[in-house]
Number of protein chains: 2
Amino acid sequence: MTSQRRVVAEVLDGEHVHLTADEVHARAVAKLPEISRATVYNTLGELVSLGEVLEVATDKRAKRYDPNAHQPHHHLVCARCGAIRDVHPTGNPLADLPDSERFGFTVSDVEVTYRGVCPNCAGG
Amino acid sequence: MTSQRRVVAEVLDGEHVHLTADEVHARAVAKLPEISRATVYNTLGELVSLGEVLEVATDKRAKRYDPNAHQPHHHLVCARCGAIRDVHPTGNPLADLPDSERFGFTVSDVEVTYRGVCPNCAGG
DNA sequence: GATTGACTTGGACTGAGTCCAATGTAGGAT
DNA sequence: ATCCTACATTGGACTCAGTCCAAGTCAATC
């Protein structure tokens, strides 16, 4: 493990962060001025492969990186400001997909994104 | 309504299509050779605003446009080849999000994406 | 101290999408 | 039928996120 990778891992440390790659890069630069974007992308890619970090694509702009990979959860996104909260719905959506709706697929994963308006945006 | 818009609407006609904007453009060009990409994007954007077509962002590449907007449904995506099927799970995931997990948001919508491997990719 | 191989760098490149000024056109007014 | 005008279309430049690659760096090994 190199100093660059350590810095990227440190940036992602913390529970409720959902940073874009560029935001990760910006924060990494603050700690290690000459780290490059390419290295940040490489390291994020490795962390994702290792299962340490999740990619979330809640908006259609940049992917976000979610360090809370070990507790399964879904996301609630504000349609106005883009704020993201981790949420834990009851029930298991995988169980809600009957065999007749699986078309022979081996279904392994489900991703749920709730959309709405956050109190800040609603209040203003 | 102009001929360009008619052509875009025609391309999207059909139940189980999930085309990217470029694919829509390619098919539109086959019917109306000089239609531009910008017009295809404009028209798709309007159809989305009108609620006639849904944007789906199942992979991290191009958005796809789903003309099946009037029957609520979710998507099942093959992790290998990207094939997309419309699915209709039982249950209502909105009801599965308790108030305590809404953080004051006004939640209006939920999007569920199942991932797995399709029979083609599994068999090969 | 030289070799090695993995890691990093920066810049060029790609793909998807947006923006904008110039041009074209549908369809109502005359 | 012709004219007008507001709106639609065009194409090209631009942005943004991300990938690729050749060259450079570094640490551990021989």
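In what follows, chains are A, B, ... by sequence order, proteins preceding strands, each numbered from 1.
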Atom pairs and distances, side-chain donor-acceptor, residues 24-35 of chain B, under 3.5 Å, sequence neighbours left out:
unit_1 : atom_1 : unit_2 : atom_2 : d
H25(B) : NE2    : I35(B) : O      : 3.1
K31(B) : NZ     : E10(B) : OE1    : 3.2

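- Looking at heavy-atom distances under 4.0 Å, K60(A) makes no contact with the nucleic acid at all.
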Quick one: side chains of residues 53-65 of chain A, donor-acceptor pairs under 3.5 Å with protein atoms, not counting sequence neighbours, listed by atom name and distance.
unit_1 : atom_1 : unit_2 : atom_2 : d
D59(A) : OD1    : R61(A) : N      : 3.1
R64(A) : NH1    : H18(A) : O      : 2.8

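- For E46(B), the salt bridge (charged side-chain N to carboxylate O under 4.0 Å, His left out) partners two or more places apart in sequence, or in a different chain, are R5(B).
- V77(B) belongs to a hydrophobic cluster whose other members, connected by ILVMFWY side-chain contacts under 4.5 Å either directly or through intermediates, are I84(B).
- Applying a 4.0 Å cut-off to non-hydrogen atoms, the residues of residues 27-58 of chain B that approach DNA chain C are R37(B), A38(B), Y41(B), listed by residue number.
- Considering only residues two or more places apart in sequence or on other chains, T106(B) meets the side chain to side chain donor-acceptor pair (under 3.5 Å) condition with none of them.
- Mapping R61(A) and R61(B) onto DNA chain C by nearest heavy atom places R61(B) at the nucleotide closer to the 5' end.
- Its side chain within the 4.5 Å cluster rule, F105(B) clusters with L76(A), V87(A), L94(A), L97(A), F103(A), F105(A), V107(A), V110(A), V112(A), Y114(A), L76(B), V87(B), L94(B), L97(B), F103(B), V107(B), V110(B), V112(B), Y114(B) among the Ile, Leu, Val, Met, Phe, Trp and Tyr residues.
- Map K63(B) and T2(B) each onto its nearest nucleotide of DNA chain C; the residue landing nearer the 5' end is K63(B).
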Derivation and outcome, side chain to side chain donor-acceptor pair (under 3.5 Å), residues D86(A) and H74(A): CA-CA 6 Å; D86(A) 288 358; H74(A) 297 290; over 6 Å; no
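- Close to dT25(C), at under 4.0 Å from its OP1 or OP2, lies no side-chain N or O of Q4(B).
- Listed by chain and residue number, E111(B) satisfy the salt bridge (charged side-chain N to carboxylate O under 4.0 Å, His left out) test with R115(A) (two or more places apart in sequence, or in another chain).
- Separating the CZ atom of R6(A) from the P atom of dT8(C) is a distance of 11 Å, rounded to the nearest angstrom.
- Listed by chain and number, the hydrophobic cluster partners of Y41(A) come to none, as no ILVMFWY side chain reaches under 4.5 Å of it.
- Side-chain N/O atoms of R5(A) include one lying less than 4.0 angstrom from OP1 or OP2 on dT8(C).
- Residues C118(A) and C81(A) meet the side-chain proximity criterion, which asks for heavy atoms closer than 4.5 Å.
- End-to-end axis angle for the helix from dG1(C)-dC30(D) to dT30(C)-dA1(D), using five pairs per end and rounding to 10°, comes out at 0°.
- With sequence neighbours left out, D22(B) forms a salt bridge (charged side-chain N to carboxylate O under 4.0 Å, His left out) with R37(B).
- The outermost nucleotides of DNA chain D lying under 4.0 Å from heavy atoms of chain B, listed 5' to 3', are dA8(D) to dG11(D).
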